[in-house]
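Chain letters run A, B, ... following the sequence lines, proteins first, then strands; residues in each count from 1. What you see is a predicted model, and the numbers here were worked out from it, not measured in a lab.
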Amino acid sequence: MRPRRRAITTGVLVVFLASLAVVLARPLLLAGALLIGTWLLLRQYRFVSAVSTIDDSIAVDQTLETETVAPNGSVPVTLEVTVDQSPALALEAVAGLPVAANVERPLTVSIDRRERTGTAEMSVQWPVSGTHRFTGASVVAADELFSETITTGSTPTMTVSGYMSRISEITAAVDRVAVTMETSDAYRRESGFEPNELRQYTWGDTPSRIDWNVTARLGNLHIRDYESGTTRRTTLVVDHRATLSDGGPTNTKLDYLCEVALATNDDLQNAGDAIGLLTVGDGGLTTQLSTRSSQEQYETIRKQLLSIEPTTATDHVPHLSIGTWTGPERTDTDLRRRIEELERNEAGDAFASTLVPYYERQLTYEERFSDDPIVAAVKSMLIQGVTPNWTVFFTDDSYPVELYQAVKIARRGSTHVLVVLTPTVLFETWTDPDARTVYDRYTAFEEYRRSLAELDRVDAIEVGPTDRFNILLASIRGQRRRDGVVQ
Amino acid sequence: MTGDRSTTQRRNGILRGREISPKRPLAGYFAVGLLVVAFAGVAGLSGGLAGVAIAAIWYGFGIPYAIAVGYVLLLGLFPDGIDPVSFGITGGVMVVFVCSAATGSRSWLRILGFALTMIAVLGGLAWWLLTVWTLWIAAGGGLAVLGLLAYGLHRYELVRLGLVSDERSASPSSTAGVTGDTSASRSSGRPDVGDRR
């Protein structure tokens, strides 16, 4: 309880009157002083009673329109105050915004003695990355003599993240990419990355990089940078051909892939790694950005990924679908070895004379795919002498043979290749799903993904809508139950 | 960092600096009317004029100033000392005047009981101190008891609202990666453990 100006002056009046009684030797004035003092006690008791009633009946709700936002983004915050009965005191609630929130003025709701509810909304800017928890709203109850502050109400949490996905399902895929590419901070700390310099926390830094010991010592948030012995270069190859437009109007294959690509871009930015970008449409290469590690480069790639749209198929190029995938082809070395064996052991033999030209044709196998945009893009990258440590493909399974070839080519110039794949079967509309057909197609996709992952220095991960996957699983289980009944 | 404001600053809401005009309940008008009549009864015309002056002070400045002016005017009306009957009448009217502040509340009866008890306690104490000791001891004793009662009410409120924290068991805590004011405990504006970050 805090006495307001009127209460203090009344207290002074009591002391003055009592002093005057002593000075003038008139006990009558002391009676007046004690009566005024009693009046002050009465008002104090009345205030305590009123504020206790308010404390029992008040409901304060602080709500955020969304609980995640990108740095410097704004989110409307609503403060709603309700009391069961009209309060005997004037109330003013001030939202318990975190210190990281940027507002022009406090978000307040005032409730007069005749009101029972009040609401206010304000757009709050969030410049600092991290998780920011609201405190309870401070409710000031006051009459003309006293005031009291009660902290109460919901305490929501706002997450400000450099990478903001609008598709929540991709989190697992993003994590797997980070683990596979070893961009996570935990990995860096544990696997030979040397701690580099300390610097102050700035927006865009992930909270996990805060060095809490240094922060405690210096009084400000500090980040410790890590550096590896060599600079890592990564090239993202993003496919945005017409087949990538499959899926719903909001979440197409390309949406999923771009979200993962954006997250990867952010991870690499946090790690300070160089990054390049190739985007491939139906007509061929649409964007080519050589690997660099500047802030401008990360921003350019981010904008490029946010604006990317599926291209339209100009000519129908016949290709083998995922269902016809029969496994990896023979390598050129295998073919050459086989030709040499045939020419050495069975020279002049009809069998050899038949097979050798066949194998020789196979040696030019790669040429068959030169027209494929992804293969052409990867080849052009290698021709230009770009040899990234990591080549990351973001594509679907519509062109499995061509992709397989592109991965093999990319592997020649890269230390590692990562393929982020969307299964077409999960993006199609199942009007009357034949569970077995869908299951078979998904199995074919999974086999294809594994065949990619089995290649040396290649990893392949799947990204897609988990709800469709769950429907697929449920449909398969139902089909099996029905089969069991028939049998 | 923009927007970096202390919680204490935010708690200083508009109400802190805003004057809230006092309400004048109907009982106040009744009490002040009674007071004018009583003053006129014990001191004649001059008493009636004094009562009107007190009523004006009450209307302009409130009950405490009206009581203070009333007792100062009684000194003038009775320069040689007030007789017990007049003292009783004017004192009784002043008590009614004080108790008029209890009306308008939902729990007015409880507040009225509290006020009458306080008047009895303080009046009895002052009377006893005056008869046994001197005036200045009675004045000092009365003020000291007033202060103690006010502080007692303050502590009662803190307990009632759950604003008292056990500072011995509290310790600064932090959650890695989570920022925000951790003083979620209720506070009356005093710095508590959670505020010390």
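Tested against B/L73 for a side-chain contact (heavy atoms from CB on, under 4.5 Å), the candidates B/T90, B/I57, B/I54 yield a single pass: B/I54.
Within a 6.0 Å sphere centred on CZ of B/F87, heavy atoms belonging to other residues, nucleotides or ligands number 12 at most. A/E121 CD: more than 12 foreign heavy atoms inside a 6.0 Å radius.
In terms of heavy-atom pairs under 4.5 Å with chain B, the best-connected choice from A/V51, A/L34, A/L20, A/L28 is A/L28. Between chain B and the options A/L13, A/L17, A/T10, the largest number of non-hydrogen pairs under 4.5 Å is found for A/L13. Per-residue counts of heavy-atom pairs under 4.5 Å with chain A were compared for B/L112, B/V95, B/V145, B/T103; the largest is that of B/T103. Ranking B/A101, B/S107, B/G91 against chain A, the residue ahead of the rest is B/A101, based on heavy-atom pairs under 4.5 Å. Residue with the most contacts toward chain A among B/L74, B/V98, B/I82, B/L125: B/V98 (heavy-atom pairs, distance under 4.5 Å). Highest contact tally toward chain B, considering only A/L41, A/D56, A/V139, is held by A/L41 [criterion: heavy-atom pairs under 4.5 Å]. Looking only at heavy-atom pairs under 4.5 Å with chain B, the residue among A/V22, A/L42, A/V48 that has the most is A/L42.
Inter-residue side-chain proximity for A/Q125 and A/V103 is flagged as unmet; no heavy-atom pair is nearer than 4.5 Å.
With a 4.5 Å cut-off on non-hydrogen atoms, B/I63 touches chain A through its side chain but not through its backbone. For B/L149, the parts sitting under 4.5 Å from any heavy atom of chain A are the backbone and the side chain alike. The part of B/Y156 that comes within reach of chain A is its side chain, from C-beta onward, which places non-hydrogen atoms under 4.5 angstrom from that chain. Residue contact with chain B, scored on non-hydrogen atoms closer than 4.5 Å, involves the backbone and the side chain of A/T9 alike. Contact of A/L24 with chain B is made through the side chain alone, with heavy-atom distances under 4.5 Å. With a 4.5 angstrom heavy-atom cutoff, B/V72 touches chain A via backbone and side-chain atoms both. Proximity to chain B (any heavy atom under 4.5 Å) is restricted, for A/F47, to the side chain, taken from C-beta onward. Both the backbone and the side chain of A/S52 come within contact range of chain B, judged by heavy atoms closer than 4.5 Å. Both the backbone and the side chain of B/A138 come within contact range of chain A, with heavy atoms under 4.5 Å apart.
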As a quick check of understanding, evaluate ring pair (Phe, Tyr, Trp, His ring centres under 6.0 Å) for B/W108 and B/F114, giving each step before the final call.
CA-CA 10 Å; B/W108 67 272; B/F114 173 82; over 10 Å; no

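In this structure, A/R4 contributes its side chain and A/D143 its backbone to a donor-acceptor pair below 3.5 Å.
Taking both residues in full, the closest heavy atoms of B/V36 and B/G48 are given as CG1-O, 4.0 Å, listed atom of the first, atom of the second, then distance. For the residue pair A/A25 and B/L135, the shortest heavy atom distance occurs at CA-CD2, 3.7 Å.
Between B/W58 and B/F97, the ring-plane angle classifies as tilted under the 30° and 60° cut-offs.
Rounding to the nearest 0.5 Å gives a distance of 5.0 Å between CG of A/L107 and CG of A/L79.
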